[in-house]
Structures are given as structure tokens and as C-alpha cells.
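Quick one: the structure is below, questions incoming.
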Number of protein chains: 2
Amino acid sequence: MTEHDTPPTEISPTEQAGRFARAREKQSMAILEDYVEMIGDLIAMHGEARVADIAERMGVAHPTATKAVARLKREGLATSRPYRGVFLTDKGEALANWVRVRHRTVVDLLIAVGVPQETAEADAEGIEHHVSRRTLKAFEAYLTDK
Amino acid sequence: MTEHDTPPTEISPTEQAGRFARAREKQSMAILEDYVEMIGDLIAMHGEARVADIAERMGVAHPTATKAVARLKREGLATSRPYRGVFLTDKGEALANWVRVRHRTVVDLLIAVGVPQETAEADAEGIEHHVSRRTLKAFEAYLTDK
DNA sequence: TTCGTAATATAGCCAAGGCTTCATATTCTA
DNA sequence: TAGAATATGAAGCCTTGGCTATATTACGAA
């Protein structure tokens, strides 16, 4: 390939703008997904998801977790009563499951192409949110046929 | 602390919090990287990077691009003079090059594992920012040895 | 049963990154 | 070279997702 003056790939400004817009959209979903997955994990592990635990594991202060839960409720992904735990709605649970599967698949694929496990786990935390269904399908096929 | 059901993966709360914190940090770099890469591309293609072009290709309104450029300047990645184009500092150029290489490697790897090109290009836009140097090395090795 | 502590909620602040609207500078063309 | 069109900048607003500090509630021990 040429060094510099080559436009990386000929792509129309509009199409490129669309890609960035979609990436931004996915990013706005990312935190929701992280919290939903976390809540699901905590319920699986401890039978309940307390705000304090969520905050601790997400690495944020309690009020930040409280705010996030409020947003989850607004989006119909979770429920909670003051001073009681947080629970997932059916929709939230479905999302949590999908996210969990995707996370595992991403980690497995990274490992399959030679990424050290620790690194794979860490990078997957950010990567997963940008893996489309189509890409996930390809990952699954690759892992199967490999 | 009952430990019955399957905890997705045994990981200490602290370590998990660290992962999320690092993912958040990378996210805060992502937009900077996108703009720097875009500016580099525009200069390569048109000899200059105008705010209007940056905005159009990023899919945002002009003032948003202006603000982003202001942040780039604050971070020592770019320079600009009112009503003149935007330019990259050495630091900015170095970042742009690194980002461009990483982007291409991510796209190539996705394609190599069976992701359709269009999808690969689109997903890479979000994925790339979360690919660590270590993971990138693994990608390169995989693409070479394959 | 009361009370101290721990958990949770509320309020208010900040920066980032979007937006629109309006003002101003530059450039192009007639 | 003047005036219109275009490009840039400035101001102000919104939401998100962080934070700290301060109230309030719940709960286990004395």
C-alpha cells in the first residue's frame, strides 16, 4: 500500500458520517448494557443486586450507580424500590443474556486469534459494545469451523 | 456471600472495576482519535482540513467540530488560526498515524475471520478504540502467519 | 426497643459532546 | 470593488455520566 497521500478508502462523506453516527449510538447503549449485565451477574451470584455492589464493581461512586439504575428504569430494563435491591425486567433480562453471550464470544474470538486471556478479557469490555449481530455471527462461525 | 450459581467468571470486584475504568478512559480518547485521524485524512486528500469538512464527515454540526478542535488544541494535538484550516502538531500526526494503522489492522482482522467488508469497516469504527497495543500485536501476528 | 452504623437517596457541581441561533469574517463573483 | 454567499466563531441550552456532601432509611445489637 502507498504511504501517505492515499485517501484511506474512498468513501462518501455522508456514508462516513453515518458510520460515526452509528458508532456514537452504540456508545450510548454501552453503559446501559454494562449495568444490565452487571445486575444480572450479581443476582446470579448473590441472589440480589444492591446499589453498593453495583457501584463497587463498576468502579463508580454510589450516586452514579443510582443514576444509572434510574435510567435503566426509565428505559424499562430494570425495576427497584427504595432501599431494596434492583431487579431486571424481562426485557432487561433478555438484554443481559444477549450481552453475556456476546461478551463471551468476543473474548473467545480474541483468544482464538492469539490475544492473551487477561488482555482479551480487558479489551472485550470495550470492544463488545461495537460488535454488530452480523459480526458476532461471523465470530461464532469462525469459532465453530476453526 | 453464597457462591452457588455460576458466576460468569471469578474476578475480584476491584479488578473488574479497573477494567471498566480503563474502558471508560479509552472511550474518552476515542473522539480525540477520530478527529485527529479525520484531520489527517482531509489534509492528505485535500491539502487542508476545514471545520466544515470535518463536521460533514463526522456527521455533526459545525459548532460541535469547532469545540472538538478546541479540545485538540488544548491537548496539544492540533493547531488552527481563525478562518484558516486546522493542522496537526507532531504529536497529533503521530497519533493519527498510529490510529490509521490500528484501524486498518482491525478491519483486516475482521475480514480475515469472515466478517463482510462493509460490516467490518463500520464496526471497526467503534472497536478500534478499545484495541490495546497487545491485542493489536496479536492481530498483526495472526494476519502475518495466517 | 432503641440506637448507631451502614446502605441508600437527594441535591448540586463539573466536563464532554451534542444541538440551534445569531454574529462576524472571508471569499467569490458580477 | 461591492455585495452576496459561504465559512467560522460565539453564546447558550440539553443530556450523560462522573463527583462530593448531606439527608434519610433500614437493620442488627445491646
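Just so you know, these numbers use all the heavy atoms, side chains as well, and skip hydrogens, waters and symmetry mates. In what follows, every chain begins at residue 1, and chains take the letters A, B, ... in the order their sequences are listed.
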Classify the nucleic acid contact of B:Ala61 as base, sugar-phosphate or nothing, counting any heavy atom under 4.0 Å across all strands shown.
base
Please tell me which of B:Glu75 and A:Thr66 maps to the more 5' nucleotide of DNA chain C, matching each residue to the nucleotide holding its nearest heavy atom.
A:Thr66
Using whole Å, report how far CE of A:Met29 lies from P of D:dT15.
19 Å
May I ask you to evaluate whether B:Arg84 reaches the phosphate of C:dT27, defined as a side-chain N or O under 4.0 Å from OP1 or OP2?
yes
Would you mind checking if A:Glu56 and A:Arg50 are paired as a salt bridge, meaning a charged N to carboxylate O distance below 4.0 Å?
no
Using whole Å, what does the distance between atom P of nucleotide D:dG17 and atom CE of A:Met38 come to?
15 Å
When the distance from CZ of B:Arg50 to C1' of D:dG9 is rounded to whole Å, what number comes out?
13 Å
Pick the closest DNA chain D nucleotide for A:Thr64 and for A:Tyr83 by heavy atoms, then say which residue is nearer the 5' end.
A:Thr64
Rounded to the nearest angstrom, tell me the gap between atom CD in B:Glu25 and atom P in C:dA15.
18 Å
Please determine whether side-chain hydrogen bond (donor to acceptor under 3.5 Å, both in side chains) holds for the pair A:Glu33 and A:His129, giving the CA-CA distance in whole Å, both sets of side-chain angles, and the decisive distance to 0.1 Å.
CA-CA 8 Å; A:Glu33 294 177 346; A:His129 301 291; 2.6 Å; yes
In terms of side-chain geometry, is the basic nitrogen of B:Asp41 or B:Arg100 positioned less than 4.0 Å from the acidic oxygen of its partner?
yes
Atom CG of B:Leu32 to atom P of C:dG18: distance rounded to whole Å?
11 Å
Could you say whether A:Arg24 or A:His62 is positioned toward the 5' end of DNA chain C, judged by the nucleotide with the nearest heavy atom to each?
A:His62
Below the 4.0 Å mark, does C:dG17 have OP1 or OP2 next to a side-chain nitrogen or oxygen of B:Arg71?
yes
Can you tell me how far P of C:dT26 sits from CD of B:Glu48, to the nearest Å?
15 Å
Please determine, for the side chain of B:Val51, which listed nucleotide (D:dG9, D:dG18, C:dG18) has the closest atom?
D:dG9
Would you tell me if any nitrogen or oxygen in the side chain of B:Arg74 comes within less than 4.0 Å of OP1 or OP2 on C:dA16?
yes
For the side chain of B:Lys67, starting at C-beta, report the closest nucleotide among C:dT8, C:dG17, D:dC19.
C:dG17
Whole Å only: how far is the CZ atom of A:Arg81 from the P atom of D:dA26?
10 Å
Would B:Arg22 and B:Glu25 pass as an ion pair if we require N to O under 4.0 Å?
no
Distance flag, aromatic centroids of A:His130 and B:His130, threshold under 6.0 Å
yes
For the pair made of CD in B:Glu33 and C1' in C:dA16, what is the distance, rounded to whole Å?
16 Å
